[in-house]
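For ligands, and for the atoms within them, numbers begin at 1 and follow the listed sequence. These numbers come from a predicted model, not from an experiment. As a basis for the values below, the full set of heavy atoms in this structure was taken, side chains included, without hydrogen atoms, waters or symmetry mates.
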Amino acid sequence: MQKKHSNDSDPIFVTRPSLPDKNIFLQYVDTIWESRTLTNFGPLCCSLEQQLSDYFDVEHVTSTANGHLALEIALQGLELQGEVITTPFTFASTVHAIRRCGLKPVFADIREHDLTLNPEAITALINKNTAAIVPVHVYGHPCDCTHIEKIAHAHNIPVIYDAAHAFGVRLQGRSIASYGDVSIFSFHATKLFHTIEGGALAYSNKSLKRPFRLLQNFGIKGEDNVFCIGGNAKMNEFQAAMGLANLPSVPALIEARRKVTQRYRDGLADLDGIHIFHPEKTPNISYNYAYFPILVCEEKTGISRDTLYNRLQEHSIYARRYFFPLAADYPCYKNEHPDSAWPVATRVVSQVLCLPIYAELTQYEVDRIIRIIHLCLGNTP
Ligand code: T4K
C-alpha cells in the first residue's frame, strides 16, 4: 500500500511494522473471546505452528514468546556444555543467549561477500570443548550451510541457526528453516513476518519436541509433575492471531521489499565507495529483502559511516548501524578473547549502515533518501 502524503521533513525509521487487514485480525480475536483461552498452547497458537510447519516445510515448529527465548530453548534442549562458535557480527541476543545458558561464546570471523560466518574460521576454532555452532543468517543472507554442516558433522556437533532475519529465505531449493539441527526465528514487530513479539524453533528431530515444550512452560509435564527447570516462553493467543493474519501477506511483503531494494540499488549504483549486497545473485538463493545494508568505504566516499549516519538524521532519516559495536567488544565479553582478531568483522562494523526498508516505504521516500546520500557525498544525482 502506498502512503498518500509524505513531507520531506517526516521522519523515516529503519523499519515500520506491517499490519494485516484489521478485520481479519479481529475475526481471530473474536475466537479468543469465544474460547477464553488466552495463552498456554491455545487453538490459534496450535494453528499457527501447523501453518508455519507447512510454510517452512519442516516436521516440527515450536512457537515462543520471542526469538531470544527460542534460541535459549534450543541451546538448553540440546543439553550443551562448553564452547559455542558464533559470529561477533550479530544482534546482542545471539551471544547473550549462549552465555545465559552457561556456555562460552567463541567468535569466528565473517566472510566479506555476505557477512556470514566463515567456515574456515570455524574449523580453526574447533577443539574438544566445542559443543555447537551457532551461525547467523545475518540480514537474511544465508550462511554456507553445506560447508558448515559438513564441519559440524565431521566433529559430531550440532548446528543451531539463528535465522531471526531469514523468514521466507530459500537455499538450494529448500526452506532455510530446514537446515541444521534447529533453526530459530524472530517474529518481532520489526521483522518481515511478525506476531508483535514472538519467535519459533523449527526442527525435524521429533525427540526434541518434548524437551522444548517443557523448557518453555516451567518444566511442567503434568498437573503435579514438574520434570525439569524450565522458564516461560509461550506465545499467547493474541500474538498467534497477529501471526495468522500476517502469514498470507508474506509473498506480497517480500515483493514490495524487493522493489524498494531495486530502487535503492539503481539510485546508489554509481556512488563510488558505497558497497551494496546482492545475495540473490548467488545461485540457489531466494532472498527475503529483510534489510538493506550498505558499506561506506571512507577512503572513496570521503565521509565516514558515522558522518553519513548523523547527516541522515539531520534530515530525519533514521538509518541504523546494525550491528555496531561487535558483540565481542561489549564490556561483558571484551576481556575474554585477548588473543583473538576478526579483521573482516572489525572493518565491516565501522562501515555498515542499514537504510530504511519496509513494504510501505514509498518510491518518493526511497528517492528522498537516495538524494540525501548523494548530497552527503557531494554528488548531484
Ligand atoms: N537474533 C538476531 C540476529 C536478532 O537480530 C534478534 C532480534 C534476535 C535474535 C532476537 O529476537 P527477538 O527476541 O527480538 O524476537 C530490533 C528488534 O527489537 C529485534 O527483534 C531485532 N533482532 C533487532 C535487529 O532490531 P532495536 O533495538 O533496533 O529496535 P527498535 O525499538 O529501535 O526499533 C527499530 C525501529 O523500528 C524504530 O526506530 C522504529 C521502528 N518500530 C519499532 C517497533 C518495535 C516501529 O515503528 N514500531 C514498533 O513497534 O531491535
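With a 4.0 Å cut-off on non-hydrogen atoms, Thr15 touches ligand 1 through its backbone as well as its side chain. Only side-chain heavy atoms of Arg320 come within less than 4.0 Å of ligand 1; its backbone N, CA, C and O stay farther off.
The 12-atom threshold is exceeded at CZ of Arg347, counting heavy atoms of other residues, nucleotides or ligands nearer than 6.0 Å. The number of heavy atoms from other shown groups lying within 6.0 Å of NE2 (His278) is above 12.
A cation-pi arrangement is present between Arg305 and Phe324 under the rule of less than 6.0 angstrom and at most 45 degrees off the ring axis. Relative to the six-membered ring of Tyr309, Arg321 meets both conditions, a distance below 6.0 Å and an angle of at most 45° to the axis.
In this structure, the protein non-hydrogen atom closest to atom 15 (O) of ligand 1 is Ser186 OG, 2.7 Å. Among all non-hydrogen protein atoms, the one lying nearest atom 43 (C) of ligand 1 is Thr190 CG2, 4.1 Å. When only non-hydrogen protein atoms are considered, atom 35 (C) of ligand 1 lies nearest to Val14 CG1, 3.8 Å. Counting protein heavy atoms only, atom 44 (C) of ligand 1 is closest to His188 CE1, 3.7 Å. For atom 49 (O) of ligand 1, the closest heavy atom belonging to the protein is Pro17 CG, 4.0 Å. For atom 1 (N) of ligand 1, the closest heavy atom belonging to the protein is Asp162 OD2, 2.7 Å. Ranking protein heavy atoms by distance to atom 9 (C) of ligand 1, first place goes to Ser93 OG, 3.3 Å. Taking atom 22 (N) of ligand 1 as the reference point, the nearest protein heavy-atom neighbour is Lys191 NZ, 3.0 Å.
Distances below 4.0 Å separate heavy atoms of Phe323 from the following atoms of ligand 1: 24 (C). Listed by number with element, the atoms of ligand 1 under 4.0 Å from a non-hydrogen atom of Thr94 are 1 (N), 3 (C). Those atoms of ligand 1 that come under 4.0 Å of a heavy atom in Thr90, given as number and element, are 3 (C). The ligand atoms of ligand 1 that sit less than 4.0 angstrom from a heavy atom of Gly198 are 15 (O). Set against the non-hydrogen atoms of His68, the atoms of ligand 1 under 4.0 Å away are 10 (C), 11 (O), 12 (P), 13 (O). Counting the atoms of ligand 1 from 1 in the order shown, those under 4.0 Å from a heavy atom of His165 are 2 (C), 3 (C), 4 (C), 5 (O). Those atoms of ligand 1 that come under 4.0 Å of a heavy atom in Tyr291, given as number and element, are 24 (C).
Tyr179 and Gln172 get closest at one heavy-atom pair: OH-OE1, 3.1 Å.
With hydrogens and angles disregarded, no donor-acceptor distance shorter than 3.5 Å links the side chain of Arg213 to the backbone of Asn217.
Ligand 1 lies out of reach of Tyr318, whose nearest heavy atom is not under 4.0 Å from it.
Note: no N/O pair closer than 3.5 Å links Phe187 and ligand 1 by distance alone.
Using a 4.5 Å cut-off between side-chain heavy atoms of Ile, Leu, Val, Met, Phe, Trp and Tyr, with links allowed through other members, Ile12 and Leu308 fall into the same hydrophobic cluster.
Counted by atom type alone, Asp57 and Ser175 present zero donor-acceptor pairs between their side chains at under 3.5 Å. For the residue pair Arg258 and Gln262, no side-chain donor N or O sits within less than 3.5 Å of a side-chain acceptor on the partner. Side chains of Ser304 and Glu298: no donor on one and acceptor on the other come within 3.5 Å.
The line from CZ of Phe25 to CG of Leu19 is 9.0 Å long, rounded to the nearest 0.5 Å.
Under 4.0 Å is where a charged nitrogen must lie from a carboxylate oxygen, and between Glu280 and Arg265 at least one such pair does.
Using a 4.0 Å threshold on non-hydrogen atoms, atom 31 (O) of ligand 1 does not count as touching the protein.
Aromatic ring centroids of Tyr322 and Tyr139 lie 6.0 Å or more apart.
For the residues Phe185, Tyr322, Phe91, Phe13, the heavy atom positioned nearest atom 29 (O) of ligand 1 is part of Tyr322.
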